[in-house]
Trainee: 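Right, I'll just put the structure down here and ask away after.
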2 protein chains.
Amino acid sequence: MTLLNSKEEIMENNQSCIRVFADKDQINHCRELLQANGSAFGQLSGLLALAGNEVRLKILFLLEEEKELCPCDLSDILGMSIPAVSQHLRKLKDKNVIEGRRDGQTIFYSLKQEQLTLFQPFFKHIINNSNIVTV
Amino acid sequence: MTLLNSKEEIMENNQSCIRVFADKDQINHCRELLQANGSAFGQLSGLLALAGNEVRLKILFLLEEEKELCPCDLSDILGMSIPAVSQHLRKLKDKNVIEGRRDGQTIFYSLKQEQLTLFQPFFKHIINNSNIVTV
DNA sequence: TGCTTATTTAAGAAAGTTATTAAATATAAA
DNA sequence: TTTATATTTAATAACTTTCTTAAATAAGCA
């Protein structure tokens, strides 16, 4: 908080918080920051929401480790139904995080380079947090 | 895929995928990887889910920029009700991402050091993705 | 061709998330 | 003490997510 504005002064520029001691300049600066970064918040939160699901985080981690895996094997590893896995894979594919390569009847999924800068640090978090302690 | 196991061989070690050409060793290795990292996936995905919401990602970004902000000002900046903001702040506080400091009637929230290693890279993503283009 | 395997899609139920409104709590100020 | 301000809490409604089951698609094999 920098300058104390009178309550009347605040009510005049009435685009603002009801709070008496609100810093009008700070609030406007924040509004501009959000506007200047336009759709970035929506895009980034969309990607983070993908990794914000435990099953999908595991899938991403496993694809990093094994390079590629098919829905059937993932279903087996994760202990869940194939359609459930398939639907998670679709979400990852829709947001350009993974891609599929067909080999006969099997489709092998792998991480795309595109979003790796964002996701790769997470895998280090996984390993560092618990692998040292256990086993 | 390394060695081709016969279908019979696969059915004997029957802890595995129905897929005929499944690599049993790979599947077991993956299972062990998940087990070895225990609760890390749940914890990390929980934190990522916080940032996986557009409103909360904006709050985190604004706290990084402004050091501290109160619910009332955030409500004004984000254009949403105070109880809505307060409930997002609670989620962030419950997972040790932010902390509050009381100054009279106002509570100023700020980022905790604890989870900053995880979240700070996101803020660079925001700035890099769009700030160059606009204005 | 028909049968099997691998995967996806679709519809629906159950659970989880987020905003809204109203009421409760807490501090400050008249 | 009463009144106003800042915030939280609670109940609830609308929406979203995720799993389940069944059906559809697609490729290989007898």
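By convention in this document, chain letters (A, B, ...) are assigned in the order of the sequence lines, proteins followed by strands, and residues within each chain are numbered from 1.
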Trainee: Could you tell me whether a side-chain N or O of Arg90(A) sits under 3.5 Å from a main-chain N or O of Leu92(A), the two making a donor and an acceptor?
Mentor: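 Such a contact is absent between Arg90(A) side chain and Leu92(A) backbone.
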Trainee: Could you state the CZ-P distance from Arg90(B) to dA24(C), rounded to the nearest angstrom?
Mentor: 17 Å
Trainee: Take Arg102(A) and Val85(A), find for each the nucleotide of DNA chain D with the closest heavy atom, and name the residue whose nucleotide sits nearer the 5' end.
Mentor: Val85(A)
Trainee: Say whether, by atom type as modelled, one donor and one acceptor occur between the side chain of Asn37(A) and the main chain of Ala40(A) under 3.5 angstrom.
Mentor: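 Between the backbone of Ala40(A) and the side chain of Asn37(A) there is no qualifying donor-acceptor contact (under 3.5 Å).
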Trainee: Measure from CD on Glu54(A) to P on dT17(D) and round the result to the nearest Å.
Mentor: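 Rounding to the nearest Å, CD of Glu54(A) and P of dT17(D) are 18 Å apart.
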Trainee: Expressed as a whole number of angstroms, how long is the span from Ile82(A):CD1 to dC19(D):C1'?
Mentor: 15 Å
Trainee: Can you find a side chain N or O atom of Ser81(A) that sits less than 4.0 Å from OP1 or OP2 on dT20(D)?
Mentor: yes
Trainee: Between Asp94(A) (CG) and dT8(C) (P), how many Å, whole number?
Mentor: 11 Å
Trainee: Quick one: is dT18(D) close enough that its OP1 or OP2 comes under 4.0 Å of any side-chain N or O from Lys91(A)?
Mentor: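 Indeed, a polar side-chain atom of Lys91(A) lies that close.
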Trainee: Provide, to the nearest angstrom, the distance between the NE2 atom belonging to His88(A) and the C1' atom belonging to dT7(C).
Mentor: 16 Å
Trainee: Name the closest nucleotide to the Gln105(B) side chain, picking from dT7(C), dT27(C), dG28(D).
Mentor: dT27(C)
Trainee: Taking Ser86(B) for the side chain and Ile82(B) for the main chain, is one N or O donor matched with an acceptor at less than 3.5 Å?
Mentor: no
Trainee: Quick one: Gln87(A) CD to dT9(C) P, roughly how many Å, whole number?
Mentor: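 From Gln87(A) CD to dT9(C) P: 9 Å.
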Trainee: Starting at CG of Asp103(A) and ending at P of dT5(C), how long is that distance when rounded to a whole Å?
Mentor: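 Atom CG in Asp103(A) sits about 18 Å away from atom P in dT5(C).
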Trainee: Does dT8(D) have its OP1 or OP2 closer than 4.0 Å to a side-chain nitrogen or oxygen of Tyr109(B)?
Mentor: yes
Trainee: Any donor-acceptor pair under 3.5 Å linking the side-chain atoms of Gln43(B) with those of His125(A)?
Mentor: no
Trainee: Would you please confirm or rule out a distance under 4.0 Å between OP1 or OP2 of dT17(D) and any side-chain N or O of Asn53(A)?
Mentor: no
Trainee: Which whole-number value in Å describes the distance from Lys93(B) NZ to dT7(D) P?
Mentor: 12 Å
Trainee: For dT7(C), take OP1 and OP2 only and decide whether either is under 4.0 Å from a side-chain N or O of Ser86(A).
Mentor: no
Trainee: Do the side chain of Arg102(A) and the main chain of Gly104(A) share a donor and acceptor less than 3.5 angstrom apart?
Mentor: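 At least one qualifying donor-acceptor pair exists.
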